[in-house]
Amino acid sequence: MTALVLAEQATGGAIADATLAAITAAAALGGPVHLLVVGDGEGARSAAAAAACITGVERILLAADPAYGAMLAENVAPLVAGLMEGYDAFVAAATTTGKNIAPRVAALIDVMQVSEILSVEGPRSFTRPIYAGNAIATVESADPKIVLTVRGTSFEKAAAEGGSAEVEEVSGPEGTGADAGLSSFVSLDATGGERPELTSARIVVSGGRALKDGETFERIITPLADRLGAAIGASRAAVDAGYVPNDYQVGQTGKIVAPDIYIAIGISGAIQHLAGMKDAQVIVAINKDADAPIFQVADVGLVADLFQAVPELTEKL
Amino acid sequence: MKILVPVKRVIDYNVRPRVKADGSGVDLANVKMSMNPFDEIAVEEAVRLRERGAAAEIVAVSIGPAKAQETLRTALAMGADRAILVETEQEVEPLAVAKLLAAIAADEQPGLVLMGKQAIDDDCNQTGQMLAALLRWPQGTFASKVEIEDEAVIVTREVDGGSETVRLQLPAVVTTDLRLNEPRYASLPNIMKAKKKALEVKTPADLGIDISPRLTVLKVTEPPVRQAGEMVADVDALVGKLKALGVV
Ligand SMILES: Cc1cc2nc3c(=O)[nH]c(=O)nc-3n(C[C@H](O)[C@H](O)[C@H](O)COP(=O)(O)OP(=O)(O)OC[C@H]3O[C@@H](n4cnc5c(N)ncnc54)[C@H](O)[C@@H]3O)c2cc1C
Ligand SMILES: Nc1ncnc2c1ncn2[C@@H]1O[C@H](COP(=O)(O)O)[C@@H](O)[C@H]1O
């Protein structure tokens, strides 16, 4: 079974870590892995050159067109659906881009997608979390082709170097071309910054509702994160209240993280939050309520007022 | 413009799901069920669009057992004008849900379908995208802001790197994220009024859609449980622990 993986670029032009994990999942299906790089002209070409070096990828399909620049699902999905005649599986990372595009591809080729897989049990069977990760389902697909999104934290990343794939140019469906004419990109308000990326950081410091407001969050959480070289995350409550941008949210319906160390500060530990971080190797919690559910999963817990404990911790580290 | 709002009946988000001992699924007997939280946000947004004059009629749709009528009544109490239940006792997968919704969209000709980004039971996050594909309509997923502008809808989307804004030609499918709005509670008079609103019941066969599943659930298991660790007395002890763990 030959698998086609959708590539995403990280800021700076490298292939995203989430894609490297998706490549590992695709390879576990047992057949050759091809990578589809889409984008606008030069950027896409240099990404394809980088992608060609990934270990385990046999061929790069490059679709370069201004209409693919923002990876709009309306334009990318018909391209993929057309290419799928030659493939048995389509695999994307369970990022917001992958989640946006893959189900659109699946419906176009009449396949039921298996979302956010945790493991490949066989060429057609997979495990995936349901009910906010409170249950793990093993499912088997009876569809002629497979469409998967892959949870990045559950698979090793394929090595970005060591391969030498050939690059082949492909283009959108005949007749209509690359632009489906349904949608257009307006703007991107990027959170950006120098900090490690949340989903692949080794250490994550997260703050919750207890942080009061954006200014307080910044004053308490940021120095600790800086001291540890950590990424910053947050609970839904902290995001809803506007302390931090939406893409900081960790949880069932936000980002999934599995760092070596996760430090939860002023976060109660609702099941929706735990769903996003309970695969961390070590969980540290600081909360003034000794009965907070977060302590049931924490490896190290400190019952304290965070406004005293966190600055003291930052200073003593 | 007419807005179609698909709403799913799911386990209440406050309930901790329990895996059945025989591994066949999650125990839903005597468990509190509610409208999927993202769908509440979708109903709220539809009602706000009507209040702003951007929409004329709101039709709520659910696919599920007879009990899903309760979910539709909630949508009606929040402000939907009428409801359609596609009744089946079978589990319906997102692809089949999307096909049923596409058939209803063909009948109803809505200008906009507003739905949740994710059902909190199957956590699939795919039905809206599939519906948009089947209808060949554009999709604005994970929306935190929705504005109607002549023949288009401007959607701000919550994406991994921040917020993205796209312009979609109408008709379109939009799926909601948590920050789009805060859903209202239905008032008692509105709950009473909702009982009198029209609720039509159809079957998948009426719509001519095959809902046979494509996936077989081989088993459902509990995830590994984490053991609570150790409580430390003060910051010094915490620093000691972090050093021992090699964090610093
Ligand atoms: C559909 C849906 C999806 C959701 N998805 C997510 C998700 O993806 N991610 C997510 O996080 N949540 C999600 N939630 C929300 C979740 O249910 C909780 O409401 C949320 O996680 C609570 O955030 P919190 O822990 O910051 O706030 P709270 O529950 O209010 O907890 C605040 C904590 O701070 C402690 N505290 C207060 N003051 C201090 C102090 N001075 N010092 C130390 N501790 C202090 C308190 O003891 C308390 O434990 C979702 C909910 C729904 C319905
Ligand atoms: N059985 C259903 N009835 C009505 N709407 C549904 C149903 N299943 C899914 N949906 C809609 O599709 C969204 C995404 O669901 P899912 O793709 O299963 O995560 C939900 O938030 C609902 O708006």
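Predicted model, so just to flag it, every value in this text is computed and none were measured. Chain naming here is simple, since letters A, B, ... match the order of the sequence lines and numbering starts at 1 in each.
- Ranked by heavy-atom pairs shorter than 4.5 Å toward chain B, the options A:Thr191, A:Ile136, A:Ile130, A:Leu188 are led by A:Ile136.
- Ranked by heavy-atom pairs under 4.5 Å with chain B, the list A:Leu198, A:Thr199, A:Thr253 is led by A:Thr253.
- No part of B:Ala98 comes within reach of chain A, as not one of its non-hydrogen atoms sits under 4.5 angstrom from that chain.
- Heavy atoms closer than 4.5 Å to chain A are found nowhere in B:Leu131, neither backbone nor side chain.
- Heavy-atom distances place the backbone of B:Gln227, and not its side chain, under 4.5 Å from chain A.
- Taking the side chain as every heavy atom from C-beta outward, A:Ile263 and A:Val204 never approach each other to under 4.5 Å.
- Residue B:Ile3 is tested with B:Leu49, B:Ile148, B:Val113, B:Val174 for a side chain to side chain contact (heavy atoms under 4.5 Å, CB included); the sole match is B:Leu49.
- Between the side chains of A:Glu8 and A:Thr95, at least one donor N or O lies within less than 3.5 Å of an accepting N or O.
- Heavy atoms closer than 4.5 Å to chain A are found in both the backbone and the side chain of B:Lys219.
- Look at B:Lys117 and B:Asp177 and you find a salt bridge, because one of the NZ, NE, NH1 or NH2 atoms lies within 4.0 Å of a carboxylate O, short of that distance.
- Contact of B:Tyr13 with chain A is made through backbone and side chain together, with heavy-atom distances under 4.5 Å.
- In A:Lys316, the NZ atom is crowded: over 12 heavy atoms of neighbouring residues, nucleotides or ligands sit closer than 6.0 Å.
- Heavy atoms closer than 4.5 Å to chain B are found nowhere in A:Glu121, neither backbone nor side chain.
- With a threshold of 4.5 angstrom between heavy atoms, A:Asp260 does not approach chain B through any atom at all.
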Is there a salt bridge (charged side-chain N to carboxylate O under 4.0 Å, His left out) between B:Glu222 and B:Arg18 once you walk through the steps?
CA-CA 8 Å; B:Glu222 297 252 10; B:Arg18 297 266 166 237; 5.3 Å; no

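- Looking at B:Val15, only its backbone comes within 4.5 Å of chain A, counting heavy atoms on both sides.
- Taking chain B as the reference chain and counting heavy-atom pairs below 4.5 Å, the highest number among A:Thr97, A:Leu118, A:Ile101, A:Ile283 is found for A:Ile283.
- With a 4.5 Å cut-off on non-hydrogen atoms, B:Val26 touches chain A through its side chain but not through its backbone.
- Heavy-atom pairs under 4.5 Å with chain B were tallied for A:Ala230, A:Ser184, A:Pro129; the largest tally goes to A:Ser184.
- Closest approach of A:Arg104 and A:Ala73 over heavy atoms only: CD-O, 3.7 Å.
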Give the intermediate values and the outcome of side chain to side chain donor-acceptor pair (under 3.5 Å) for residues B:Thr141 and B:Gln139.
CA-CA 6 Å; B:Thr141 49; B:Gln139 63 190 49; 4.8 Å; no

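- Only the side chain of A:Ile261 comes within contact range of chain B, judged by heavy atoms closer than 4.5 Å.
- Of the atoms belonging to A:Ala77, not a single heavy atom falls under 4.5 Å from chain B.
- Two residues are said to be in side-chain contact when any heavy atoms from C-beta on lie closer than 4.5 Å; A:Val282 and A:Tyr262 fail this criterion.
- Interface remark: of the candidates A:Ala270, A:Ala285, A:Ala298, A:Pro245, A:Ala298 forms the most heavy-atom pairs closer than 4.5 Å to chain B.
- In this structure, no portion of A:Pro78 lies under 4.5 Å from any heavy atom of chain B.
- A salt bridge between B:Asp121 and B:Arg9 is absent, with no side-chain N of the basic residue lying under 4.0 Å from a carboxylate O of the acidic one.
- Here B:Arg136 does not pair with A:Glu74 in a salt bridge; the nearest charged N to carboxylate O distance is not below 4.0 Å.
- At a 4.5 Å heavy-atom cutoff, the contact between A:Val284 and chain B is made by side-chain atoms alone.
- Only the backbone of B:Ala233 comes within less than 4.5 Å of a heavy atom in chain A; its side chain stays farther off.
- Of the inter-residue distances, the one linking A:Tyr248 atom OH with A:Lys255 atom NZ reads 9.0 Å to the nearest 0.5 angstrom.
- Put simply, the residue from B:Val166, B:Val173, B:Leu170 that forms a side chain to side chain contact (heavy atoms under 4.5 Å, CB included) with B:Val153 is B:Leu170.
- When heavy atoms are compared at a cutoff of 4.5 Å, B:Val19 approaches chain A solely by way of its side chain, counted from C-beta outward.
- Neither the backbone nor the side chain of B:Asn14 comes within contact range of chain A; no heavy atom of the residue lies under 4.5 Å from a heavy atom of that chain.
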